[in-house]
Amino acid sequence: MDCIIIGIAGGTGSGKSTFTNRLRDAFPNDIAVIYHDNYYRRQDEIPFEERKKVNYDHPDSLETDLMVRHLQLLKSGQAVDCPVYDYSLHNRSDRTVHIEPKKIIVAEGILLLADPRLCELLDIKIFVEADADERILRRIIRDVKERGRDLDNIVEQYLTTVKPMHYLYVAPTRAIADIVINSGMNDVAFDIVRSKIRLLLNDSEN
């Protein structure tokens, strides 16, 4: 099965999920989404208080080998059972999400373009960027409301790992993206990507 794999990367709070969701809405029958965040390594042997201090913005914190394998399986037309990460526990949960192969696979994650193996699988590489102050504000709101984090932990994590890792590993991947957009709500960029996907879908059917 031929499929199109689109990678959406960018810093925390940049608007990746917004752009991903807009694409999913535009192609509801043809799209499946796989999140790099769900491939954080299982840490059952590490106490909770210690897990809170782990550097989750370093590439080594992710089981990228497994994600590469899952993308390869999806590309070949096989379904996968994707792990599910529990942000409140700072650990992988026991649940999985069953993902069926689709014509379009969207892979999303801050460090997606930092791994050459993932980049080789991507037909379109998109980098979403935003000002640092906007990104931290969005992260605070998201982590408090959706992930049950306390403000002190969010600020400490941002200053000690998120910010330095962004400049070390995330920001440099902007240079290898095919498309760089300044917001998940950028309508011009969205229209361009949507049109490109339609062309690729039409080519795959002919």
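All figures in this text were calculated on a predicted structure; none of them were measured in a lab.
Using a 4.5 Å heavy-atom threshold, the side chains of Cys119 and Lys125 count as touching. In this structure, Leu200 and Ile124 have side chains that are in contact, with non-hydrogen atoms separated by less than 4.5 Å. Contact annotation: the side chain of Leu23 approaches that of Val193 to within less than 4.5 Å [non-hydrogen atoms, C-beta and beyond]. Residues Glu156 and Tyr158 form no side-chain contact, since every pair of their non-hydrogen atoms from C-beta on lies 4.5 Å or further apart. You'll find the side chain of Met165 stays beyond 4.5 Å of the side chain of Val170, heavy atoms only. Taking the side chain as every heavy atom from C-beta outward, Phe19 and Ile181 approach each other to under 4.5 Å. At a threshold of 4.5 Å between non-hydrogen side-chain atoms, the residues Cys3 and Lys75 count as touching. With contacts defined as side-chain heavy-atom distances shorter than 4.5 Å, the pair Leu201/Phe27 qualifies.
Judged by distance alone, the side chains of Asp37 and Tyr56 never bring a donor and an acceptor atom under 3.5 Å apart. For the residue pair His70/Gln72, the side-chain donor-acceptor check at 3.5 Å is not satisfied. Checked by atom type, the side-chain pair Asn21/Asp25 shows no donor-acceptor distance below 3.5 Å.
What you find for Lys16 and Ala9 is that their closest heavy atoms are CD-C, 3.4 Å. Annotation for Ile110 and Thr12: closest pair CG2-N, 3.9 Å, computed over non-hydrogen atoms. Heavy atoms only, all atoms of each residue included: Ala177 and Ile126 are closest at CB-C, 4.3 Å. Across Met185 and Thr18, no two heavy atoms sit closer than the pair SD-CG2, 3.4 Å. Nearest heavy atoms, Pro116 versus Ala114: CD-O, 3.7 Å. Scanning both residues, Met67 and Ala107, for their nearest heavy atoms gives CE-CB, 3.9 Å.
Note: Tyr39 and His36 have tilted aromatic rings, judged against thresholds of 30 and 60 degrees for the angle between ring planes.
Cation-pi contact between Arg22 and Phe190: present, with separation from the ring centre below 6.0 Å and deviation from the ring axis of at most 45°.
With rounding to the nearest 0.5 angstrom, the CG atom of Asn55 is 6.5 Å from the OG atom of Ser61. For the atom pair Leu111 CG and Thr64 OG1, the distance stands at 7.5 Å (nearest 0.5 Å). In this structure, CZ in Phe48 is found 11.5 Å from CD in Glu50, a value given to the nearest 0.5 Å. Annotation: the span from Arg198 atom CZ to Asp30 atom CG amounts to 11.0 Å, rounded to 0.5 Å. Note that the OG atom of Ser17 and the CD1 atom of Ile8 stand 9.0 Å from one another [nearest 0.5 Å]. Ile6 CD1 to Ile31 CD1: the interatomic distance, rounded to the nearest 0.5 Å, is 6.0 Å.
A donor-acceptor distance shorter than 3.5 angstrom exists from the side chain of Asp123 to the backbone of Ile5, with no hydrogens or angles considered. One N or O on the side chain of Ser14 and one on the backbone of Val128 form a donor-acceptor pair closer than 3.5 Å. Lys103 contributes no side-chain N or O that, together with a main-chain N or O of Ile4, makes up a donor-acceptor pair within less than 3.5 Å. Counting only distance, with no hydrogens or angles, the side chain of Asn91 and the backbone of Arg42 share no donor-acceptor pair below 3.5 Å. Listed for the Arg41 side chain is a donor-acceptor partner under 3.5 Å among the backbone atoms of Asp60.
Note on Val97: it clusters hydrophobically with Val68, by side-chain heavy-atom contacts below 4.5 Å among ILVMFWY residues. Hydrophobic clustering places Val162 together with Leu151 (ILVMFWY residues linked when any side-chain heavy atoms are closer than 4.5 Å, directly or through intermediates). Taking hydrophobic clusters as Ile, Leu, Val, Met, Phe, Trp and Tyr residues chained together by side-chain heavy-atom distances below 4.5 Å, Ile141 does not share a cluster with Val144. Grouping the Ile, Leu, Val, Met, Phe, Trp and Tyr side chains by contacts below 4.5 angstrom, directly or via other members, places Leu168 with Val54. Both Leu121 and Ile176 belong to a single network of hydrophobic side chains, linked directly or stepwise wherever heavy atoms of I, L, V, M, F, W or Y lie under 4.5 Å apart.
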Ile99/Leu74 under side-chain contact (heavy atoms from CB on, under 4.5 Å): CA gap, chis, key distance, verdict | CA-CA 8 Å; Ile99 300 178; Leu74 288 167; 4.0 Å; yes
Apply ring pair (Phe, Tyr, Trp, His ring centres under 6.0 Å) to His90 and Tyr40, showing your working.
-> CA-CA 9 Å; His90 297 275; Tyr40 280 121; 9.7 Å; no
Could you go through the side-chain contact (heavy atoms from CB on, under 4.5 Å) check for Leu122 and Leu113 one step at a time?
-> CA-CA 9 Å; Leu122 303 176; Leu113 302 183; 3.6 Å; yes
Could you walk me through whether Ile46 and Arg51 pass the side-chain contact (heavy atoms from CB on, under 4.5 Å) check?
-> CA-CA 6 Å; Ile46 302 175; Arg51 292 202 299 266; 3.7 Å; yes
Start with the C-alpha gap between Leu71 and Leu73, add the side-chain angles, then the distance that decides, and say whether side-chain contact (heavy atoms from CB on, under 4.5 Å) holds.
-> CA-CA 5 Å; Leu71 284 174; Leu73 288 169; over 6 Å; no
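More than 12 heavy atoms of other residues, nucleotides or ligands sit less than 6.0 Å from atom NZ of Lys52.
The side-chain contact (heavy atoms from CB on, under 4.5 Å) search around Ser93 returns Val84, Asp86, Arg95, not counting sequence neighbours.
Screening Val106, Val33, Ile104 for a side chain to side chain contact (heavy atoms under 4.5 Å, CB included) with Arg24, the sole residue that qualifies is Val33.
A salt bridge links Glu63 with Arg92: at least one charged nitrogen is closer than 4.0 Å to a carboxylate oxygen. Under the 4.0 Å criterion applied to side-chain N and carboxylate O atoms, Glu120 and Arg117 are not assigned as salt-bridge partners.
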